[in-house]
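Order of the sequence lines sets the chain letters (A, B, ...), proteins ahead of strands, with each chain counted from 1.
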There are 2 protein chains.
Amino acid sequence: MALSGMACSIEVLFTPAEFRALRDRDLKHTVCVVFDVLRATSTFVTALANSAAAIIPVAEISEALVLRQQRPDVLLAGERDGLRIGAALTGGVEFDLGNSPREFTSAKVAGKTIVSTTTNGTRALRACAGAQHVWVGSFLNLSATADALAHCRPEHLLIICAGTGESAALEDVLAAGALCESLASRSHAIGTHDSAEIARRVFRQAQADLPGAVRHARNARCLLAHAELRADVEFCLQRDRFALVAASDADGTIRKEAVAGRHEPAAGNQ
Amino acid sequence: MALSGMACSIEVLFTPAEFRALRDRDLKHTVCVVFDVLRATSTFVTALANSAAAIIPVAEISEALVLRQQRPDVLLAGERDGLRIGAALTGGVEFDLGNSPREFTSAKVAGKTIVSTTTNGTRALRACAGAQHVWVGSFLNLSATADALAHCRPEHLLIICAGTGESAALEDVLAAGALCESLASRSHAIGTHDSAEIARRVFRQAQADLPGAVRHARNARCLLAHAELRADVEFCLQRDRFALVAASDADGTIRKEAVAGRHEPAAGNQ
């Protein structure tokens, strides 16, 4: 199970402490893929698959409120403690959506720009500023993202696990490992960073029962404890539900990536 | 394979970026175990098993030279690019030992204090300043360390992977996972940090062929490429060769820990 081939190197960052250090690195020839599987990046990918025009991730509620004042047509999305952000936290503004990907149906999001508050996801995406491409990864669009990487063949692939608080999140490392494994099976170049080997081995160990493994992750335990959020865990572990690549622009806005000669997103509404 | 039981929590730090952030944490009720499997902590444990009086780890050659001036009886140990540090790097001082654990025989080290230069190992140990205990881990003394933890039952166990440069090292994460697994099999308390679950799953995936897994690690590849260092990899992966606990004092000096009612170190010379 060596990671073989050398056309590009693959590195995985497990925690915010690691991705914060990216500000000192030149990422010009690097493609970054960010995973915040439970639930930010899964939600963004679902929204784009359901024809949202764009996602603007922000770290703070106050940033979301400023954007709404500038552009009254945007939808506001985000949760605190699992619940959609309400008027009590915002001085009167009710958010339109929480952070469950199952809420982001075509009926609600088609054609809309969504401002979404998410702490670790936003920090991880911002840490990649200056990269050749910044792609938003999830189990939901894993093969499409792997296809795009195989096509783009970057010098360096950096897979960033957004984590929880300051710590590593199991589900993000599993997704990182799944991406490494998927690239290997395409005979795409795989480098020799130990971090990629670690992620790949965690995924191989867990892949026969991914829901069983993720059930022990801190984020999953929180979601499984809420009756109305429980189904999000299973939803976010669906492999390749959507055949789309989601890219973060230089200004941090996330849109569906137009990939020449590639299949279009599957299944609109979920 | 849930990590079950709650008497203490277990957390694993994978990289220097993470353990540098420890300076902001209160570690009073935390026991730290540091792994730098290839080769610093394996070498320290071997030296103590072979009756060295103490190890003083330092990050820089210049620190080692200052200590030698203060205490001419110390042995100097360390390598650059796999070779023992010679007069060209020190302005005339030949180091007594390199960094291969196989050099640290009783004949050479019994009764001696050894000043050892190692970058990541020293940084990792220093990051634990203020902890309840700081123990030096390796595959060579894994069960003895796990026994001591089961006896001590700290509120919080922090397993620190020294890594390579700024990155995670596979062999350190495997040792961290082996320690988590060993504690679980003793019904010792295991907490619920995802990082411990990640390390444990990597170990479980690799344990049937640990040398085969470690062969892909960056440090192992460097050692395996040197004819005279190749055997270090196999040496450092030996499980439980020495039944000793190695503890770092408040001033950073590492000594054999006296553990009441416990067996004595096995096998002197190797």
**OP:** Answer with side chain, backbone, both or neither: which region of B/Ala206 has an atom nearer than 4.5 Å to a non-hydrogen atom of chain A?
**Re:**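 For B/Ala206, heavy atoms of backbone and side chain both lie under 4.5 Å from chain A.
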Original post:
Does some side-chain heavy atom of B/Arg201 sit less than 4.5 Å from a side-chain heavy atom of A/His216?
Top reply: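 Yes - at least one pair of side-chain heavy atoms lies under 4.5 Å apart.
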Original post:
With a 4.5 Å limit on heavy-atom distance, are the side chains of A/Arg25 and B/Glu166 in contact?
Top reply: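 SC-SC contact between A/Arg25 and B/Glu166 ruled out.
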Original post:
Does A/Asp194 use its side chain to pair, donor to acceptor, with the backbone of B/Ser167 at less than 3.5 Å?
Top reply: no
Is [X] in contact with chain B via its backbone, its side chain, both, or neither, using a 4.5 Å heavy-atom distance?
{"X": "A/Ala169", "answer": "both"}
{"X": "A/Arg221", "answer": "side chain"}
{"X": "A/Ala199", "answer": "neither"}

Original post:
To the nearest 0.5 Å, how far apart are CD in B/Glu171 and CD1 in A/Ile198?
Top reply: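 If we round to the nearest 0.5 Å, B/Glu171:CD and A/Ile198:CD1 are 8.5 Å apart.
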Original post:
Out of curiosity, B/Thr15 OG1 to A/Glu18 CD, how far, rounded to the nearest 0.5 Å?
Top reply: 3.5 Å
**OP:** Pick whichever of B/Pro16, B/Ala217, B/Gly163 has the most heavy-atom pairs under 4.5 Å with chain A.
**Re:** B/Ala217
